[in-house]
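Along the sequence shown, residues are numbered consecutively beginning with 1. All heavy atoms count here, side chains included; hydrogens, waters and symmetry mates do not.
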Amino acid sequence: MAIFINEPSHTFNEYLLIPGYSSENCIPANVSLRTPLVKFRKGEKSAITMNIPMVSAIMQSVSGTDLAIALATEGGISFIYGSQSIEDEAKMVKTVKDYKAGFVVSDSNLRPDDTLADVINLTEATGHSTIAVTEDGSARGKLLGIITGRDYRVSRMEPTTPVSEFMTPLDKLVTAPDTTSLKVANDIIWDHKLNSLPLVDKNGNLKYMVFRKDYDSHKQNPDELLDSDKRYIVGAGINTRDYETRVPALIEAGADVLCIDSSEGFSDWQKFTIEWIRKTYGDTVKVGAGNVVDAEGFRFLAECGADFIKVGIGGGSICITRETKGIGRGQATALIDVCKARDDYFRETGIYIPVCSDGGIVYDHHITLALAMGADFVMLGRYFARFEESPTNKVMVNGTYYKEYWGEGSARARNWQRYDLGGDKKLSFEEGVDSYVPYAGHLKDNVGMTLSKVRSTMCNCGATTIPELQQKAKLTLVSATSIVEGGAHDVIRKESQSYGK
């Protein structure tokens, strides 16, 4: 006979938080959403701590370079999708790492004999208006000058005009040695009212650019998540097949953390992958694993050496694993079970392994529920797929804008590695769908609104940190009737209208 668990598994929508005592200091402005990403020993700190408890799903339709940059700016982490060639994934990781840094390797470079037409084409291709002119047109060539939008007017110049005729030459530029610290470089920028400062070596070769906008950006985005070199932190997805070649390439590209992308993590395949990483890199490479839905699965991956563990099978909005295979568990019940196992493991070993709740988030308040139930952070797919920065097309359907969104188990993605059980290298049947989600604008505005709700609810529970929420939260199951009661009911709702201008 099979083992029967007679208690039904529950979803987030079946729970409510009961308000607790809120002191005068318990206000949203005092709430910290900092949370550990990877495991650590008691008394120590996590090697990577996020400023917000949100990461983006390892999906083609979610985690591209633009979204990774936007999310890191807000304090979270994206995991670049692994269902692409090793070279392409590594290139995406490197793009994120190079985008925002105190010392930027120039990605816009021309030779002095190039033309205005080349300047226009390069600006359109990169979106960057500052172009370095080097002897050989490379990022590390001998610096001869700089071009910005102030150096030319398209309407008054011929496209064939050589760059050397309108660039700002080296003798009129403010430069600094490549040994200059970031603080000193920023001081030079401010003292000379510059937008950028080239750093050159003793032979006059361009090494880096330091930009005023990077300094300004940090002041405007105090939660942005940066590494020790002031570069955005970014994650990357891997699979259990080609890890021996994919992992080195991603580490070389600068990935800060990896995650095994799999629909089901309680397997030897994940064990073999983690063992290889530990044997090759020790603890220097951080790797998450999953997904699991019970204490037994958690314990297995913890003992394998996972740095964080993802919880959730079949709860994603585009996932049909439960329909096609009949496996999974209600996300709330799965999370509660795993987080209890995490706490037991911590008491036994002194090692705290963060738990990621992956799937089942429908409303913003579900994030707060997941945190209260023990999750250290949540992984979101549909939520981020709606935004301008996601890598999919924006389309109009019946007068309304939508973004395309498809699952990794869909025929469109054909990510067979994610569902690999050691058999043929193919996707035998679909475990995901191809769909649309309503376009929601930019990530920054939406994440800000979502987290304002999280902070407010935490204050209602008397908590100003995530660990405090987990200690103080009181949760209650709700009936189907009380779910109806919780929404607008017994009224005729007015349609949204705009009045005047």
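- From Thr65, atom OG1 reaches atom NZ of Lys94 across 13.0 Å, with rounding to the nearest 0.5 Å.
- Between Glu224 and Thr73, the side chains place no donor N or O within less than 3.5 Å of an acceptor N or O (distance only, hydrogens not considered).
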**OP:** Assess whether side chain to side chain contact (heavy atoms under 4.5 Å, CB included) is satisfied between Thr368 and Lys453, documenting all intermediate values.
**Re:** CA-CA 9 Å; Thr368 319; Lys453 296 176 185 177; over 6 Å; no
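- Checked against the 6.0 Å centroid threshold, Phe377 and Phe308 count as a close aromatic pair.
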**OP:** Quick one: do Glu135 and Arg111 satisfy salt bridge (Lys or Arg N to Asp or Glu O under 4.0 Å)? Show the steps, please.
**Re:** CA-CA 6 Å; Glu135 200 167 65; Arg111 298 189 309 272; over 6 Å; no
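- With a 4.5 Å cut-off on side-chain heavy atoms, Thr123 and His128 do not count as touching.
- Contact check on Asp178 versus Lys202 returns no salt bridge, with no Lys/Arg side-chain nitrogen under 4.0 Å from an Asp/Glu carboxylate oxygen.
- The cationic atom of Lys394 (NZ for Lys, CZ for Arg) lies less than 6.0 Å from the six-membered ring centre of Tyr401 and within 45° of the ring axis.
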**OP:** Decide side chain to side chain contact (heavy atoms under 4.5 Å, CB included) for Phe40 and Ile351; before the verdict, give the C-alpha distance in whole Å, the side-chain angles of both, and the deciding distance to 0.1 Å.
**Re:** CA-CA 6 Å; Phe40 57 93; Ile351 299 173; over 6 Å; no
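- Relative to the ring axis of Tyr383, Arg386 places its NZ or CZ within 45° and under 6.0 Å from the centre.
- Side chain to side chain, Thr464 and Asn30 fail the donor-acceptor criterion of an N or O pair below 3.5 Å.
- In this structure, a donor-acceptor pair under 3.5 Å is present between the side chains of Asp358 and Asn291.
- One finds no salt bridge joining Asp223 and Arg34 here, because no Lys/Arg side-chain nitrogen approaches an Asp/Glu carboxylate oxygen to under 4.0 Å.
- Closest heavy-atom contact between Ile80 and Gln84: CG2-NE2, 3.8 Å.
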Subject >> ring pair (Phe, Tyr, Trp, His ring centres under 6.0 Å) assessment of Tyr402 paired with Tyr439 >> reply: CA-CA 4 Å; Tyr402 293 86; Tyr439 173 68; 9.8 Å; no
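- Atom NZ of Lys286 sits in a crowded spot, with more than 12 heavy atoms from other residues, nucleotides or ligands closer than 6.0 Å.
- The two atoms that bring Arg382 and Ile361 nearest to each other are NH2-O, 3.6 Å, heavy atoms only.
- By the 30° and 60° cut-offs, the orientation of the rings of Phe103 relative to Tyr208 is tilted.
- For the residue pair Asp242/Thr245, the side-chain donor-acceptor check at 3.5 Å is not satisfied.
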